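Note that the numbering runs from 1 along the sequence shown for the chain. When reading the values below, keep in mind they use all heavy atoms of this one structure, side chains included, and skip hydrogens, waters and symmetry mates. Here the structure is a predicted model, which means the values were calculated and not measured.
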Amino acid sequence: MSDSKDKHSALAEATDQPVDPSATNATSSGSSRCGYVAIFGRPNVGKSTLLNRLLGQKLAITSHKPQTTRHTILGVSTLDAGQILYVDTPGLHQRGGNALNRYLNRAARSILTDVDLVLFVIEALQFGDEDALALAEIVKAGTPAIVAVNKTDRIADKARLLPFLQSLSERHPFVSIVPVSATKGDQIKRLEAEVLAALPEGERLFPDDQLTDRSERFLAAEFLREQLMQRYGQELPYRTTVEIESFTLETPSGKRQSEGPRARIRALIWVERESQKAIIIGRRGEALKAAASQARLEMQKLFGRPVHLEVWVKVKDSWSSDEAALASLGYGEY
């Protein structure tokens with residue numbers, strides 16, 4: 001048998017490789033693994049969807065539009081054998097040169113040298129210029145990397161994956177290459193086991209019940225922005241951002257006191273032009289009301305408490321092209 005056939009056979013076996021139970025349960029020696037893992041790649045490959053699947057619940061916002069993620073966000077996965085600290089990043093891209101796009105690329109690149117492992121996410125049977133750019137950044141950083149080949153559920157003939165996986169193995173000495181479907185959950189346990197095995201030994205850094213280090217205030221802004229990304233077309237979502245003006249916890253009085261504190265949130269949606277403000281609000285405010293209502297429900301699920309949400313729309317001219325305006329709207333840090 002030729003070397004090429006040997007490699008393809010190995011890759012074929014890898015796609016159906018069973019998970020070693022010792023990788024996700026306590027090891028016989030009692031050692032624990034812990035480390036930071038950057039989820040990295042071009043826009044729209046499913047990085048945030050993959051993070052949510054790995055965590056087993058929704059933390060990062062998602063949409064079918066590229067560049068939905070604008071900030072790094074930590075997701076803590078606590079397992080019997082250790083703790084994986086996933087860091088979701090904005091998609092590394094070549095389009096657009098305004099201040100917001102520059103910020104997104106800086107945020108993505110900045111994390112690579114500060115983590116123990118990179119989870120390089122690509123789309124099955126796709127490897128374009130922006131994927132190559134992302135790989136070049138990984139090589140430059142010198143951080144070990146695992147490839148998650150996502151969206152395999154869209155490939156009817158799985159045999160087509162084999163030469164693609166082989167070509168990936170020739171691009172870089174990756175720790176491993178794992179075909180997955182973040183949407184369907186295919187091979188997620190195996191990916192988790194591969195990631196954990198690649199991390200250094202160490203004690204857990206966060207309490208077992210902690211999901212993220214981001215505040216509820218930050219997550220409230222993200223969940224409202226998610227609705228803008230999902231509901232409005234063309235470039236409008238990229239010309240909007242959300243600022244939480246106030247976030248307070250109130251204890252109900254009387255019979256409702258047993259329900260515990262409720263969050264009262266006042267949010268501002270910033271746009272760049274008056275015409276955009278009118279579109280966001282919609283006829284008789286119906287569009288804005290629908291977006292706010294769904295965002296409120298998502299917040300209640302994550303926060304585990306009732307939420308009262310007030311939303312206003314304001315104009316800040318060309319905020320996405322102004323470094324100072326970006327900083328004032330929370331884009332000063334990664």
### Sub-4.5 Å side-chain heavy-atom contact between K316 and L329
yes
### Task
Please report the shortest heavy-atom distance between M229 and T68, naming the atom on each side.
CE-OG1, 3.6 Å
### Message
Before you tell me yes or no, could you show the steps for K289 and E286 under salt bridge (charged side-chain N to carboxylate O under 4.0 Å, His left out), namely the whole-Å CA-CA distance, both residues' side-chain angles and the distance that decides it to 0.1 Å?
### Response
CA-CA 5 Å; K289 181 179 179 181; E286 292 175 358; over 6 Å; no
### Query
What are the two closest non-hydrogen atoms of F223 and M299, and how far apart are they?
CD2-N, 3.6 Å
### Task
State whether the side chain of T72 and the backbone N or O of V87 hold a donor-acceptor pair below 3.5 Å, judged by distance alone.
no
### Query
Does F40 reach the side chain of V115, with side-chain heavy atoms less than 4.5 Å apart?
no
## Note on the structure
On a heavy-atom basis, the closest approach of F174 and L168 is CE1-O, 3.4 Å
### Query
If you round to the nearest 0.5 Å, how far is CD1 of I177 from CZ of F120?
10.5 Å
### Query
Are R305 and E216 within salt-bridge range, i.e. N to O under 4.0 Å?
yes
### Task
Check whether any side-chain N or O of R53 sits under 3.5 Å from a backbone N or O of A182 as a donor-acceptor pair, and report yes or no.
yes
### Check: S48/T62 side-chain N/O donor and acceptor closer than 3.5 Å
no
### Message
Is there a side-chain contact between E298 and K58 in this structure, where contact means two heavy atoms from C-beta onward sitting under 4.5 Å apart?
### Response
yes
### Nearest atoms (heavy-atom pairs only) where L51 meets G75
CD1-CA, 4.4 Å
### Query
Are any side-chain N or O atoms of S181 and backbone N or O atoms of K184, one a donor and one an acceptor, separated by less than 3.5 Å?
yes
### Query
What's the verdict on side chain to side chain contact (heavy atoms under 4.5 Å, CB included) for Y86 and S77, showing C-alpha distance, side-chain angles and the deciding distance?
CA-CA 8 Å; Y86 294 106; S77 176; 3.8 Å; yes
### Query
So how far is it from L199 CG to I84 CD1, rounded to the nearest 0.5 Å?
6.0 Å
### Atom CD of E245: over 12 foreign heavy atoms under 6.0 Å
yes
### Message
Measuring from atom CD of E235 to atom NZ of K65, what distance do you get when rounded to the nearest 0.5 angstrom?
### Response
10.0 Å
### Query
Are any of the side-chain heavy atoms of L205 and Q83 separated by less than 4.5 Å?
yes
### Task
Give a yes or no on whether L297 and F247 share a hydrophobic cluster (residues Ile, Leu, Val, Met, Phe, Trp, Tyr; joining criterion: side-chain heavy atoms under 4.5 Å apart).
no
### Message
Looking at every non-hydrogen atom in both residues, tell me the closest pair between E170 and Q166 and how far apart they are.
### Response
OE2-NE2, 2.9 Å
### Task
Check for a donor-acceptor pair, side chain of N105 on one end and backbone N or O of H93 on the other, with a separation under 3.5 Å.
yes
### Query
Donor-acceptor pair, E130 side chain versus Q94 backbone, under 3.5 Å?
yes
### Summary
In this structure, CZ of R190 is separated from CD of E194 (nearest 0.5 Å) by 5.0 Å
### Query
Distance-only, no hydrogens or angles: does the T143 side chain make a donor-acceptor pair with backbone N or O of T113 under 3.5 Å?
no
#### Entry: Min side-chain heavy-atom separation T152-V180 under 4.5 Å
no
### Query
Is a donor on one side and an acceptor on the other found under 3.5 Å between the side chain of S293 and the backbone of A290?
no
### Query
How about E323 and R102: do any of their side-chain heavy atoms sit closer than 4.5 Å?
yes
### Query
Quick check: are there more than 12 heavy atoms from other residues, nucleotides or ligands sitting under 6.0 Å from CZ of R154?
no
### Message
With heavy-atom distances below 4.5 Å as the criterion, would you say the side chains of N101 and N98 are in contact?
### Response
yes
### Query
Side chain of E137, backbone of R109: donor and acceptor closer than 3.5 Å?
no
#### Entry: A81 to L196 - nearest heavy-atom pair and separation
CB-CD2, 3.8 Å
#### Entry: Rounded distance [0.5 Å steps], CD in E243 versus CZ in R266
10.5 Å
### Task
Mark yes or no for whether R204, through its side chain, and L79, through its backbone, hold a donor-acceptor pair below 3.5 Å.
yes
### Task
Could you walk me through whether V271 and I279 pass side chain to side chain contact (heavy atoms under 4.5 Å, CB included), step by step?
CA-CA 10 Å; V271 296; I279 295 172; over 6 Å; no
### Query
How many angstroms lie between atom CZ of R239 and atom CG of L228, to the nearest 0.5 angstrom?
14.0 Å
### Message
Please determine whether side chain to side chain contact (heavy atoms under 4.5 Å, CB included) holds for the pair L219 and F303, giving the CA-CA distance in whole Å, both sets of side-chain angles, and the decisive distance to 0.1 Å.
### Response
CA-CA 9 Å; L219 295 171; F303 301 162; 4.2 Å; yes
### Task
Answer yes or no: is there a side-chain heavy-atom contact under 4.5 Å between Y238 and L100?
no
### Message
If we count only N and O atoms by modelled type, under 3.5 Å, do the side chains of N44 and E123 hold a donor and an acceptor together?
### Response
no
### Task
Determine, for R70 against E222, whether the closest basic-nitrogen to carboxylate-oxygen distance falls under 4.0 angstrom.
no
### side chain to side chain contact (heavy atoms under 4.5 Å, CB included) assessment of Y232 paired with T240
CA-CA 10 Å; Y232 297 92; T240 63; over 6 Å; no
### Query
Do D88 and K47 meet the salt-bridge criterion of a basic N to acidic O distance under 4.0 Å?
no
#### Entry: Parallel, tilted or perpendicular: rings of W319 and Y331 (30°, 60°)
parallel
